[in-house]
Colleague: 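I have a structure I would like to understand better, so I am pasting it below and will then ask my questions one at a time.
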Amino acid sequence: MKTDNESSGKTHFGYQTIDKNDKEKMVASVFHSVAAKYDIMNDLMSFGVHRLWKRFTIDASAVRPGNKVLDLAGGTGDLTRKFSDIVGSTGQVVLADINDSMIKVGREKLRNKGYVGNIEYVQANAEALPFADNTFDLVTIAFGLRNVTNKDNALASIFRVLKPGGRLLVLEFSKPQQDWLNKAYDFYSFNILPTMGGVIANDKDSYQYLSESIRMHPDQDTLKSMMETAGFEQVEYHNLTGGIVALHKGFKF
C-alpha cells in the first residue's frame with residue numbers, strides 16, 4: 001500500500017518532504033561527506049556497541065564455507081571482512097554500496113588488512129540489483145535500508161537475487177521499547193550526536209539527517225510486514241539494546 005507521499009511522487013529526507021527523484025543524490029551527498037570518518041564516528045556514536053550488533057548478525061547468518069554472500073550497503077566492510085573469513089576460498093562475498101566514496105574506503109581498508117581473494121566490489125542501487133536471479137545464499141543490509149528511497153522495491157530486488165532457501169538479514173536502527181529509553185535516545189540523537197558530527201567530522205548537518213532518518217524508518221512490526229509482503233517467510237526480529245537496533249531475518253523458499 002502506497003503512502004500519500006509515495007503516490008504523489010514525494011518521499012522523506014530526514015524530516016523533509018522532497019521529490020523522490022532527489023533523494024538518491026541527497027543521500028549520496030551525505031555519505032560522500034561522512035565516508036572518511038565513518039568508522040571512527042560509528043565507534044564514538046555507539047560507544048563501540050555497533051561491533052556487538054554486527055557480531056550478533058554474523059552469528060545469526062548461518063553462513064558456511066563456499067556460500068555466496070551479498071553485503072548490501074556494505075560501506076566500510078565490517079561484515080564483509082567477517083564473511084570473507086567464513087566462506088573461505090571456495091565462497092565469495094560481494095560488497096555492494098550505492099556510494100562510491102564508501103566503497104573506496106571499504107576496499108582500501110580491507111585490502112590493507114590482506115583481504116583480496118574472495119571479495120568483489122560493486123556499486124549498486126538496492127532497488128535494482130545488477131545480479132542474476134537466485135545468486136546468493138545470504139543477503140545482509142546493515143544500517144542502509146532506512147536510506148533507500150523505495151524500501152519495497154529494495155526488498156523485492158533482494159528477494160529476486162536470493163537462492164531458494166536463502167535468507168535476508170536486516171540490521172537497522174528501530175524503535176526503543178521502553179518510554180524512558182526512547183526519550184533518552186531522542187535527547188542523545190538530536191542534541192549530542194550532531195554536535196559530535198560537527199566537531200569530529202566537521203559535518204553537523206549530515207549527522208542531523210542520520211538522526212532524523214532513524215525516526216522515519218519503519219518500526220519493527222512494520223518492517224516485518226513489509227518483508228512478508230515481498231515474499232519472505234518465517235520472518236522474525238530480535239531487539240538489540242532495548243530496541244534501539246533490531247535484526248530482522250527472513251527466508252526465501
Colleague: State whether the side chain of Arg160 and the backbone N or O of Asn134 hold a donor-acceptor pair below 3.5 Å, judged by distance alone.
Modeller: no

Colleague: Residues in side-chain hydrogen bond (donor to acceptor under 3.5 Å, both in side chains) with Thr195, at least two apart?
Modeller: none

Colleague: Regarding Asp85 and Arg81, does a basic nitrogen lie under 4.0 Å from an acidic carboxylate oxygen?
Modeller: no

Colleague: Taking the side chain as every heavy atom from C-beta outward, state whether Gln92 and Val87 have any pair of such atoms under 4.5 Å apart.
Modeller: no

Colleague: Rounded to the nearest 0.5 Å, what's the gap from CD on Glu127 to CG on Asp152? Could you check?
Modeller: 9.5 Å

Colleague: Rounded at 0.5 Å granularity, tell me how far CD in Gln208 sits from OG in Ser213.
Modeller: 10.5 Å

Colleague: Name the orientation class of the two ring planes belonging to Trp53 and Phe173 (parallel below 30°, tilted from 30 to 60°, perpendicular beyond 60°).
Modeller: perpendicular

Colleague: Kindly work out whether a path of hydrophobic side-chain contacts (I/L/V/M/F/W/Y, heavy atoms less than 4.5 Å apart) joins Leu79 to Ile86.
Modeller: yes

Colleague: Output yes when Glu228 and Lys224 qualify as a salt bridge under the 4.0 Å nitrogen-oxygen rule, no when they do not.
Modeller: yes

Colleague: If we ignore hydrogens and angles and just use 3.5 Å, is the side chain of Asn182 paired with the main-chain N or O of Gln178 as donor and acceptor?
Modeller: no

Colleague: Return yes if some donor-acceptor pair links the side-chain N/O of Ser211 with the main-chain N/O of Phe190 below 3.5 Å, else return no.
Modeller: no

Colleague: Within the side chain of Asn118, is there an N or O that forms a donor-acceptor pair under 3.5 Å with the backbone of Ser84?
Modeller: yes

Colleague: Distance alone, cut at 3.5 Å: any donor-acceptor contact between the side chains of Ser189 and Arg215?
Modeller: yes

Colleague: For the backbone of Thr76 and the side chain of Lys109, can you confirm whether one donor and one acceptor N or O come within less than 3.5 Å of each other?
Modeller: yes

Colleague: Hey, is the main chain of Asn153 close enough, under 3.5 Å, to the side chain of Ser157 for a donor-acceptor pair?
Modeller: no

Colleague: With distance as the sole test, does Glu172 use its side chain to make a donor-acceptor pair with the main-chain N or O of Arg146 at under 3.5 Å?
Modeller: yes

Colleague: Using every non-hydrogen atom in the two residues, find where Leu247 and Ala60 come nearest and quote the distance to one decimal.
Modeller: CD2-CB, 3.8 Å

Colleague: Is the NZ atom of Lys175 crowded by more than 12 outside heavy atoms at less than 6.0 Å?
Modeller: no

Colleague: With a 4.5 Å heavy-atom cut-off, do Leu110 and Leu95 have their side chains touching?
Modeller: yes

Colleague: How many angstroms lie between atom OG of Ser174 and atom CD1 of Ile244, to the nearest 0.5 angstrom?
Modeller: 10.5 Å

Colleague: Search all heavy atoms of Pro176 against all heavy atoms of Tyr185 and return the closest pair with its distance.
Modeller: CG-CD2, 3.8 Å

Colleague: Let me confirm one number: the OG-CG distance from Ser61 to Leu138, rounded to the nearest 0.5 Å.
Modeller: 5.5 Å

Colleague: Output, in order, the C-alpha distance, side-chain angles, deciding distance and verdict of salt bridge (Lys or Arg N to Asp or Glu O under 4.0 Å) for Lys54 and Asp78.
Modeller: CA-CA 8 Å; Lys54 291 170 182 174; Asp78 286 348; 2.8 Å; yes

Colleague: Tell me whether Asn67 contacts the main-chain N or O of Val63 through its side chain, where contact means a donor paired with an acceptor under 3.5 Å.
Modeller: no

Colleague: In terms of the angle between their ring planes, are His238 and Phe56 parallel, tilted or perpendicular, with boundaries placed at 30° and 60°?
Modeller: perpendicular

Colleague: Return yes if some donor-acceptor pair links the side-chain N/O of Arg167 with the main-chain N/O of Ala62 below 3.5 Å, else return no.
Modeller: yes

Colleague: Hey, are Asp137 and Arg64 close enough for a salt bridge, meaning a charged N less than 4.0 Å from a carboxylate O?
Modeller: no

Colleague: Is atom CZ of Phe187 surrounded by more than 12 heavy atoms (other residues, nucleotides or ligands) closer than 6.0 Å?
Modeller: no

Colleague: Verify the cluster assignment for Trp180 and Leu240: are they in a single hydrophobic cluster under the rule of side-chain heavy atoms below 4.5 Å apart?
Modeller: yes

Colleague: So how far is it from Asp19 CG to Thr11 OG1, rounded to the nearest 0.5 Å?
Modeller: 9.5 Å

Colleague: For atom CZ of Arg55, decide whether the heavy atoms of other residues, nucleotides or ligands shown that lie under 6.0 angstrom number more than 12.
Modeller: yes

Colleague: Other than Leu70, what residues sit in its cluster of Ile, Leu, Val, Met, Phe, Trp and Tyr side chains whose heavy atoms are under 4.5 Å apart, directly or through others?
Modeller: Leu72, Val94, Val122, Leu129, Phe131, Phe136, Val139, Ile141, Leu145, Val148, Leu155, Ile158, Phe159, Val161, Leu162, Leu168, Val170, Leu223, Met226, Met227, Phe232, Val235

Colleague: Is the shortest heavy-atom distance from the side chain of Tyr115 to the side chain of Thr80 under 4.5 Å?
Modeller: no

Colleague: Roughly how far, to the nearest 0.5 Å, is CZ of Arg111 from OH of Tyr121?
Modeller: 6.0 Å

Colleague: Is a donor on one side and an acceptor on the other found under 3.5 Å between the side chain of His248 and the backbone of Gln220?
Modeller: yes

Colleague: Not counting sequence neighbours, which residues clear salt bridge (charged side-chain N to carboxylate O under 4.0 Å, His left out) with Lys204? List them please.
Modeller: none

Colleague: Under 3.5 Å, is there a donor-acceptor pair between the Asp219 and Thr222 side chains?
Modeller: yes

